[in-house]
Enquirer: 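Take a look at this one; I'll ask things after.
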Amino acid sequence: MRISFPKKMFQQFYACPLDQLEEELSRSSIRMKLQDGPKTDEDRAHYQNELDRLSVLKYINQFRKGKLSREDFSLKVELADTQA
């Protein structure tokens, strides 16, 4: 199943300096590790959204470094016109 991600955010992270993307990856990863386990359905949905965002950031990083082809990226991420 592909993760839906806003095109505008993709363009932002694809065009930014690589160290800025890696910094955002690091911050997101740390935030995920510091969270308590989700207890309610709302908490689980929020956690899943954060996990999906972190995954997409990792895919963008791999794509920018040439470790992931455009085709493979498209199999993992669906770029959406609207905010997800």
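Reckoned from all heavy atoms, side chains included, excluding hydrogens, waters and symmetry mates.
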Enquirer: Does the side chain to side chain contact (heavy atoms under 4.5 Å, CB included) test come out yes or no for Phe13 and Val56, once each step is laid out?
Expert: CA-CA 10 Å; Phe13 287 116; Val56 172; over 6 Å; no
Enquirer: Is there a side-chain contact between Ile3 and Tyr59 in this structure, where contact means two heavy atoms from C-beta onward sitting under 4.5 Å apart?
Expert: yes
Enquirer: With sequence neighbours excluded, what pairs up with Asp43 under the side-chain contact (heavy atoms from CB on, under 4.5 Å) test?
Expert: Pro38, Lys39, Thr40
Enquirer: Leu21 and Tyr14: same hydrophobic cluster, using ILVMFWY side-chain contacts below 4.5 Å?
Expert: yes
Enquirer: Any salt bridge (charged side-chain N to carboxylate O under 4.0 Å, His left out) involving residues 61-76? Give me the pairs, sequence neighbours left out, ordered by first then second residue.
Expert: Glu22-Lys65
Enquirer: What's the verdict on side chain to side chain contact (heavy atoms under 4.5 Å, CB included) for Ile60 and Val77, showing C-alpha distance, side-chain angles and the deciding distance?
Expert: CA-CA 9 Å; Ile60 293 171; Val77 179; over 6 Å; no
Enquirer: Are Arg27 and Glu24 close enough for a salt bridge, meaning some N to O gap below 4.0 Å?
Expert: yes
Enquirer: Give the cluster check for Leu51 versus Phe5: same hydrophobic cluster or not, with ILVMFWY residues linked at side-chain heavy-atom distances below 4.5 Å.
Expert: yes
Enquirer: Compare all side-chain heavy atoms of Ser28 with those of Glu50 and state whether any distance is below 4.5 angstrom.
Expert: no
Enquirer: Can you hop from Leu57 to Leu34 via hydrophobic side chains spaced under 4.5 Å?
Expert: no
Enquirer: Please enumerate all residues that pass ring pair (Phe, Tyr, Trp, His ring centres under 6.0 Å) together with Phe73, with sequence neighbours excluded.
Expert: Phe10, Phe63
Enquirer: In this structure, would Ile30 and Tyr47 fall into the same cluster of hydrophobic residues linked by side-chain contacts under 4.5 Å?
Expert: no
